[in-house]
A.B. asks: 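Let me give you the structure first, and then I'll get to my questions.
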Protein chains: 2
Amino acid sequence: MAKCLINNNIRTLRFMANEMTQQELADRTGVTRQTIVAIENGKYSPTLELAFRISHIFGKPLNEVFSFQYDEDPVLNKKIEDKRSKTKD
Amino acid sequence: MAKCLINNNIRTLRFMANEMTQQELADRTGVTRQTIVAIENGKYSPTLELAFRISHIFGKPLNEVFSFQYDEDPVLNKKIEDKRSKTKD
DNA sequence: TTTTTATGTATATTATTTTTGACATTGTGT
DNA sequence: ACACAATGTCAAAAATAATATACATAAAAA
């Protein structure tokens, strides 16, 4: 899968939540602190499950914690469209 | 991380979207059909990125495609609460 | 009947996420 | 100056997601 553009405001939300530490967020979501650091700093995309857990801790819907920038790939899209018009109905 | 309870209605959404096939959803999200099958049947939790991509295809917010059942673990929660009350303020 | 098309399954391999343990830095308190 | 808490980083290992290839079945189409 393509490298991605996922943003998050975990850092902001932690401080708004009585300055919750990375360690406490890690404990409450059941992962290690290193995992929280990596996600907070956008090193990689978490599993959907972990994303849900984190959002739940802050009492926010997932899309208010994480956002994804959809960069449309025109080449790929054309390929798909071609294939679709050939095979459909 | 604990085994999880993530539900999805991809199958329903595919059929509502002019009976989109698993193959087409795979092509449009940039993964293989096997990945779509596995996720549709709850074999494992997708990455957040893939979850966003799938939701985007159906034009739905992520939480309308995937839902997570939070099974509170009272033992873990007590442990966290104890730790919190000792270390905080 | 024969041939596609869509779906599900199995197994092995690759890629990515997560863990573990360790160490550096910065700021705060004693 | 010393301890301590919070954050960041690094590298190796473990766990899990995703790919690749192949095969089976049922249903629709030819």
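Residue numbers begin at 1 in each chain, while the letters A, B, ... track the order of the sequences.
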A.B. asks: Using atom CD of Glu40(B) as one end and atom P of dA6(C) as the other, report the distance to the nearest whole Å.
C.D. replies: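 Going from Glu40(B) (CD) to dA6(C) (P), I get 14 Å.
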A.B. asks: I'd like to check the salt bridge (charged side-chain N to carboxylate O under 4.0 Å, His left out) partners of Arg11(A); sequence neighbours left out, ordered by chain and number.
C.D. replies: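 Once residues adjacent in sequence are excluded, the partners of Arg11(A) under the salt bridge (charged side-chain N to carboxylate O under 4.0 Å, His left out) criterion are Glu40(A).
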A.B. asks: Could you check which of dT18(C), dA18(D), dG8(C) has an atom nearest any side-chain atom of Val31(A)?
C.D. replies: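 When the side chain of Val31(A) is considered, dT18(C) is the closest of dT18(C), dA18(D), dG8(C).
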A.B. asks: What distance separates Asp27(B) CG from Ile36(B) CD1, expressed to the nearest 0.5 Å?
C.D. replies: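 Reported to 0.5 Å precision, the distance equals 9.5 Å.
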A.B. asks: Mind calculating the distance between CZ (Arg53(B)) and C1' (dA18(D)) to the nearest angstrom?
C.D. replies: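 Between C1' of dA18(D) and CZ of Arg53(B): 13 Å.
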A.B. asks: Specify the angle, to 10°, made by the local axes at the two ends of the helix from dT1(C)-dA30(D) to dT30(C)-dA1(D) when five pairs are taken at each end.
C.D. replies: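 Its terminal axes enclose an angle near 30°.
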A.B. asks: Return the CD1 to CZ distance between Ile10(A) and Phe58(A), rounded to the nearest 0.5 Å.
C.D. replies: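 Answer for the CD1-CZ pair, Ile10(A) versus Phe58(A), is 6.5 Å.
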A.B. asks: Could you check which of dT9(C), dT18(C), dT7(C) has an atom nearest any side-chain atom of Gln22(B)?
C.D. replies: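 Selected nucleotide: dT7(C).
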A.B. asks: Please state whether the phosphate of dT16(C), meaning OP1 or OP2, lies under 4.0 angstrom from any side-chain nitrogen or oxygen of Thr47(B).
C.D. replies: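 Result: no.
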A.B. asks: Could you walk me through whether Ile39(A) and Leu50(A) pass side chain to side chain contact (heavy atoms under 4.5 Å, CB included), step by step?
C.D. replies: CA-CA 10 Å; Ile39(A) 288 161; Leu50(A) 180 50; 3.4 Å; yes
A.B. asks: Of the options dA18(D), dT7(C), dA17(D), whose atoms approach the side-chain atoms of Ser45(B) most closely?
C.D. replies: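 The answer is dA17(D), which lies nearest to the side chain.
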A.B. asks: Find the distance Phe15(B):CZ to dA6(C):P and express it as a whole number of Å.
C.D. replies: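 In whole Å, dA6(C) P lies 11 Å from Phe15(B) CZ.
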A.B. asks: Who pairs with Thr32(A) by side chain to side chain donor-acceptor pair (under 3.5 Å), at least two apart in sequence or on another chain?
C.D. replies: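 Thr32(A) satisfies side chain to side chain donor-acceptor pair (under 3.5 Å) with Thr35(A) only.
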A.B. asks: Got Arg53(A) and Val31(A) here, is their nearest side-chain heavy-atom distance under 4.5 Å?
C.D. replies: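 Side-chain contact under 4.5 Å: no.
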A.B. asks: Return the nearest nucleotide to the side chain of Arg11(A); candidates are dT17(C), dG8(C), dG8(D).
C.D. replies: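 Among the listed nucleotides, the one closest to the side chain of Arg11(A) is dG8(D).
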A.B. asks: What is the separation between atom NZ on Lys43(A) and atom P on dA11(D), rounded to the nearest whole Å?
C.D. replies: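 Checked: the NZ to P distance equals 13 Å.
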A.B. asks: Just by protein heavy atoms under 4.0 Å, how would nucleotides 20-30 of chain C read 5' to 3' in B, S and -?
C.D. replies: BBB--------
A.B. asks: Once you round to the nearest 0.5 Å, how far does NE2 of His56(A) lie from CZ of Arg28(A)?
C.D. replies: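 Here the rounded value is 9.5 Å.
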A.B. asks: In whole Å, what is the span from the CD atom of Gln23(B) to the P atom of dG8(C)?
C.D. replies: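 One finds 13 Å between P of dG8(C) and CD of Gln23(B), rounded.
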A.B. asks: Does any N or O in the side chain of Ser45(B) come within less than 3.5 Å of the main-chain N or O of Glu49(A), such that one atom is a donor and the other an acceptor?
C.D. replies: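 The answer is yes, because a donor-acceptor pair under 3.5 Å joins these two groups.
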A.B. asks: Using whole Å, what does the distance between atom P of nucleotide dA17(D) and atom CZ of Phe52(B) come to?
C.D. replies: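 Rounded to whole Å, this separation is 18 Å.
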A.B. asks: Nearest whole angstrom, please: distance from the C1' of dT18(C) to the CD1 of Ile39(A).
C.D. replies: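 Checked: the CD1 to C1' distance equals 9 Å.
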A.B. asks: What integer distance in Å separates Leu25(B):CG from dA18(D):C1'?
C.D. replies: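 My rounded result for the distance is 15 Å.
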A.B. asks: With sequence neighbours left out, which residue pairs that include part of residues 57-68 of chain B fulfil the side chain to side chain donor-acceptor pair (under 3.5 Å) condition?
C.D. replies: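 Side chain to side chain donor-acceptor pair (under 3.5 Å) check on residues 57-68 of chain B returns no pairs.
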